[in-house]
Amino acid sequence: IQFTVTINSAETPLSRVVATTDSPVGMTAAIPHDDHNALCYLSPEDPAAFADAASETAGIDRVQRAGDGRVQAVVTEPCPGDVVTTHGGTIREARVEAATTTLTIRFTDREAFDPVLEAFTAQFDDVAISEFTTSASDSETDRDPLAGLTDRQREVLEVAYRSGYFEKPRTNDATEVAETLDIARPTYDEILRAAHRNLLTELFEAE
């Protein structure tokens, strides 16, 4: 299933930053991180101004650049994007404004709709659903290339990717990504290697 949800987010940290900078921002991912915090990846029009404002906003920690005009920040208060990912959904598109957050999200499991809607309405006011679509399951289309990874491997691989670790030149090196994940550098290296191995196994042995 795929649907668009618009939420009254005026009191959330990211909307407060947008109100300060007077510039809406796109969100590419929100990764659950340490006790209901969310590591959010954002695409503001002015990354430097957004990062400065976010650093001064309550409910946001550890703001830093993440390459290609992106900013990453740990949001320590309820975040609409975090609701999506903790329920197994994928953010296809998201826009954070001063009063609202609008997300287009996808779930491979149709049974996830009711739980995620309940989670939204429990945490936020004025939740509106639109553009609800469903499609028949297709084993090839729905196949998850990350199926062979553990949850921890998925997290490390996604944070490394979104933090600019695979860019050239790298936006953040291995030590910086490990610090973002709150793990030791050798642990990061070990998990990333295992994730690469399992991902390649999943891709090549499925051919």
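In this structure, Cys79 and Cys40 have side chains that are in contact, with non-hydrogen atoms separated by less than 4.5 Å. Thr101 places none of its side-chain heavy atoms less than 4.5 Å from the side chain of Thr6. Contact of the Val177 side chain with the Val159 side chain is registered, since non-hydrogen atoms from C-beta on lie closer than 4.5 Å. Using a 4.5 Å cut-off on side-chain heavy atoms (C-beta onward), Thr180 and Leu39 make contact. Side-chain atoms of Leu14 and Leu42, non-hydrogen and from C-beta on, do get closer than 4.5 Å to each other. Counting heavy atoms from C-beta outward, His196 and Leu157 have side chains that approach closer than 4.5 Å. Between Ile105 and Arg92, every side-chain heavy-atom pair lies at or beyond the 4.5 Å cut-off. Side-chain contact check for Phe120 versus Asp125: every heavy-atom pair is 4.5 Å or farther apart.
Ser163 places no side-chain N or O within 3.5 Å of a backbone atom of Ala160 that could act as its donor or acceptor partner. With hydrogens and angles disregarded, a donor-acceptor distance shorter than 3.5 Å links the side chain of Thr150 to the backbone of Gln153. Under the 3.5 Å distance criterion, the side-chain polar atoms of Thr86 are matched with a main-chain donor or acceptor of Asp82. The backbone N or O of Val17 sits nowhere less than 3.5 Å from a side-chain atom of Thr57 that would complete a donor-acceptor pair. Checked by atom type and distance alone, the side chain of Arg162 never pairs as donor or acceptor with a backbone atom of Glu158 at under 3.5 Å. Checking side-chain atoms of Asp189 against main-chain N and O of Ile191 turns up no donor-acceptor pair under 3.5 Å.
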Quiz item: Can you check side-chain contact (heavy atoms from CB on, under 4.5 Å) on Phe124 and Asp126, steps first, answer last?
Solution: CA-CA 7 Å; Phe124 306 102; Asp126 300 330; over 6 Å; no
Practice problem: Show your reasoning for whether side-chain contact (heavy atoms from CB on, under 4.5 Å) applies to Ile31 and Glu155. | Solution: CA-CA 7 Å; Ile31 303 171; Glu155 178 188 17; 4.1 Å; yes
Quiz item: Run the side-chain contact (heavy atoms from CB on, under 4.5 Å) check on Glu56 and Thr20 step by step: do they pass?
Solution: CA-CA 10 Å; Glu56 300 298 323; Thr20 299; over 6 Å; no
Self-check item: Val116 and Val83: CA distance, side-chain angles, deciding distance, side-chain contact (heavy atoms from CB on, under 4.5 Å) verdict
Solution: CA-CA 7 Å; Val116 77; Val83 173; 3.9 Å; yes
Exercise. Test side chain to side chain donor-acceptor pair (under 3.5 Å) on Thr175 and Arg185 and set out the steps.
Key: CA-CA 6 Å; Thr175 299; Arg185 166 66 187 276; 3.3 Å; yes
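Expressed to the nearest 0.5 Å, how far OG of Ser9 lies from CD of Glu97 amounts to 8.5 Å. With rounding to the nearest 0.5 angstrom, the OG1 atom of Thr100 is 8.0 Å from the CG atom of Asn8. From Thr76, atom OG1 reaches atom CZ of Arg62 across 11.5 Å, with rounding to the nearest 0.5 Å. Distance check: Leu181 CG to Leu192 CG gives 10.0 Å after rounding to the nearest 0.5 Å. Annotation: the span from Leu149 atom CG to Thr201 atom OG1 amounts to 9.5 Å, rounded to 0.5 Å. Between the CD atom in Glu45 and the OG atom in Ser23 there is a gap of 3.5 Å [rounded to 0.5 Å].
Between Met27 and Gly81 the shortest heavy-atom distance is SD-CA, 4.2 Å. What you find for Ala112 and His87 is that their closest heavy atoms are CB-O, 4.5 Å. For the residue pair Val18 and Ala98, the shortest heavy atom distance occurs at CG1-N, 3.5 Å. Taking both residues in full, the closest heavy atoms of Ala48 and Arg65 are given as N-NH1, 4.3 Å, listed atom of the first, atom of the second, then distance. Val71 and Pro44 get closest at one heavy-atom pair: CG2-CG, 4.0 Å.
Between the side chains of Thr4 and Ser130, no donor N or O sits under 3.5 Å from an acceptor N or O.
Within the structure, salt bridge (Lys or Arg N to Asp or Glu O under 4.0 Å) contacts touching residues 15-32 (residues at least two apart or in different chains) are Arg16-Glu77.
Ring geometry for Phe113 versus Phe132: interplanar angle over 60°, hence perpendicular rather than tilted (30 to 60°). Ring-plane geometry between Tyr165 and Tyr188 is classed as perpendicular, the angle between the planes exceeding 60 degrees on a 0 to 90 degree scale with a lower cut at 30.
Taking the centre of each ring, Tyr161 and Tyr41 stay at or above the 6.0 Å mark.
Residue-environment remark: CD (Glu167) exceeds the threshold of 12 foreign heavy atoms within 6.0 Å.
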